Amino acid sequence: MQRILALILLLCQGGITVTGSIVRVTGSGLGCVTWPNCHPGSLVPIKGAAPLVHQVIEFGNRLLTFVVAAAAVATIVAMHKAKRRKELKVYAWLGLFGIVVQALIGALSVILKLSWWSVAIHFLPSMVLVWIAALLYSRIAEPDEGTPTRLFPAAIRTLAVVAAVALSLVLLTGTFVTGSGTHSGDAGVGMEGRLGVDTYGMAVIHAICMYVYLALTLVVVFLLHRSDAPKAAKKAGWVLIVCIIVQWAIGVIQFYLHIPRWTVPFHVGMSSVVTACTALLWAHGQRRILGKEQAPTVQ
């Protein structure tokens with residue numbers, strides 16, 4: 001049950017980024033113009049205050065925050081009730097804390113009328129929360145009394161960290177591409193308040209970062225096979241590579257079709273998938289193992 005709750009939390013953390021992207025590409029970001037109220041003096045949408053569809057989409061996304069928070073609280077309760085180790089409790093609490101911070105950042109972005117950088121800092125912490133949720137999901141399966149054991153060489157795990165840093169650059173430059181593009185998040189806003197850089201050039205930089213990240217991940221997977229790492233780690237590596245390729249394909253489609261609205265939620269959703277899979281691969285480098293279990297010898 002604990003792992004199911006952790007999986008639900010992981011899906012919620014990634015899912016709300018998708019609904020957030022739907023808010024943006026439908027121009028519903030200011031369907032609710034205040035926070036925590038939707039409109040001054042009203043917690044819920046008001047007929048005629050803004051296009052109804054925009055109000056419903058934005059208000060619905062706000063309501064999903066409570067769903068994610070409920071999943072986080074349920075996970076925390078499960079960790080404490082089962083008296084799990086401190087590491088798991090910390091992950092669970094960080095998830096809830098991050099949700100609160102994200103709600104405040106969301107309020108800031110509304111106050112700032114969806115300035116590009118406020119939208120960017122609303123997205124990036126979500127990727128951190130996806131990473132934490134993925135680690136929680138992975139670590140829950142390990143016995144609390146087990147001994148932390150390195151399952152593949154430290155050099156490979158270090159390279160996996162370097163790949164994760166490259167991923168963070170991919171995500172960061174992705175927000176720059178978005179920030180300089182046309183999808184401001186509000187149907188009534190043009191290019192005012194957008195990042196003043198060439199979108200084409202920024203997209204090229206974003207793509208270069210992605211290729212570096214893919215190359216590093218390929219090297220990690222190659223080395224995992226050379227070091228005779230556990231099958232689970234190898235499988236996690238190949239799953240990650242497939243996800244990166246899918247994300248690359250979506251990005252190419254966006255580039256050549258000039259970022260059609262319908263592609264954005266898919267690209268954002270895959271960002272969460274890639275981030276989670278990167279975290280899971282890194283987690284395979286060290287596991288808690290009971291003394292009677294046989295762990296592979298690493299150098």
Side-chain angles (χ1 to χ4, degrees), residues 5 7-77 92-130 133 175 178-179 181-194 261-269 271-272:
L5 287 173
L7 178 59
I8 291 172
L9 177 60
L10 175 57
L11 293 174
C12 286
Q13 294 285 26
I16 200 167
T17 66
V18 176
T19 61
S21 71
I22 292 174
V23 170
R24 179 160 56 83
V25 298
T26 58
S28 303
L30 294 180
C32 291
V33 297
T34 61
W35 191 93
N37 287 339
C38 184
H39 296 284
S42 177
L43 181 64
V44 299
I46 300 175
K47 183 178 180 180
L52 181 60
V53 65
H54 292 168
Q55 293 193 66
V56 170
I57 292 174
E58 167 63 11
F59 186 69
N61 186 62
R62 291 187 181 191
L63 290 179
L64 285 177
T65 301
F66 295 98
V67 175
V68 184
V73 170
T75 303
I76 291 172
V77 171
W93 277 104
L94 283 176
L96 180 61
F97 176 75
I99 292 167
V100 174
V101 172
Q102 275 290 66
L104 295 176
I105 295 175
L108 177 65
S109 66
V110 171
I111 293 172
L112 294 175
K113 305 300 181 185
L114 307 181
S115 173
W116 77 268
W117 60 267
S118 66
V119 175
I121 63 173
H122 196 30
F123 169 75
L124 293 173
S126 289
M127 295 300 99
V128 175
L129 293 177
V130 166
T175 65
T178 300
T182 57
H183 301 314
S184 65
D186 175 35
V189 176
M191 294 303 291
E192 311 147 12
R194 311 301 288 152
R261 295 177 186 274
W262 63 268
T263 64
V264 176
F266 289 101
H267 202 46
V268 170
S271 294
S272 294

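The structure presented is a predicted model; accordingly, all values stated were derived computationally and were not measured.
Identified under the salt bridge (Lys or Arg N to Asp or Glu O under 4.0 Å) test for residues 52-68, with sequence neighbours left out: Glu58-Arg62.
Taking CG from Leu52 and CZ from Phe59, the interatomic distance works out to 12.0 Å, rounded to the nearest 0.5 Å. If you take CG on Leu9 and CG on Leu96, they are separated by 9.5 Å, rounding to the nearest 0.5 Å. For the atom pair Ser118 OG and Phe123 CZ, the distance stands at 14.5 Å (nearest 0.5 Å). Note: Cys12 SG to Leu7 CG = 9.5 Å, rounded to the nearest 0.5 Å.
When the shell of 6.0 Å around CH2 of Trp35 is examined, it contains more than 12 heavy atoms from other residues, nucleotides or ligands.
Listed here is the closest heavy atom pair of Val268 and Val18: CG1-N, 4.2 Å. Closest non-hydrogen pair, Trp116 versus Thr175, comes out as CE3-O, 4.5 Å. Closest non-hydrogen pair, Ile8 versus Ala71, comes out as CG2-CB, 4.2 Å. In this structure, Pro40 and Val33 approach most closely via the heavy-atom pair CD-CG2, 4.0 Å. Closest approach of Ser21 to Pro265, counting heavy atoms only: OG-CA, 3.2 Å. Contact record, Ala92 with Thr75: CB-CG2, 4.2 Å, taken as the closest heavy-atom pair.
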Show, in sequence, the C-alpha distance, side-chain angles and deciding distance for Gln55 and Val44, and conclude whether the side chain to side chain contact (heavy atoms under 4.5 Å, CB included) test is met. CA-CA 9 Å; Gln55 293 193 66; Val44 299; over 6 Å; no
If you apply the rule side chain to side chain contact (heavy atoms under 4.5 Å, CB included), what do you find for Phe97 with Val100, and how did you get there? CA-CA 5 Å; Phe97 176 75; Val100 174; 5.5 Å; no
Stepwise, does the side chain to side chain contact (heavy atoms under 4.5 Å, CB included) test hold for Val119 with Thr178? CA-CA 9 Å; Val119 175; Thr178 300; 5.7 Å; no
Worked verdict on Asn61 versus Ile57 for side chain to side chain contact (heavy atoms under 4.5 Å, CB included): CA-CA 6 Å; Asn61 186 62; Ile57 292 174; 5.8 Å; no
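Residues Gln13 and Ile99 form a side-chain contact, since some pair of their non-hydrogen atoms from C-beta on lies under 4.5 Å apart. With a 4.5 Å cut-off on side-chain heavy atoms, Thr34 and Val110 do not count as touching. The closest side-chain heavy-atom distance from Ile16 to Gln102 is not below 4.5 Å.
Ser42 places no side-chain N or O within 3.5 Å of a backbone atom of His39 that could act as its donor or acceptor partner. Between the side chain of His122 and the backbone N or O of Leu108 there is no donor-acceptor pair closer than 3.5 Å.
Using a 3.5 Å distance cut-off with no hydrogens or angles, the side chains of Ser272 and Thr17 do pair a donor with an acceptor.
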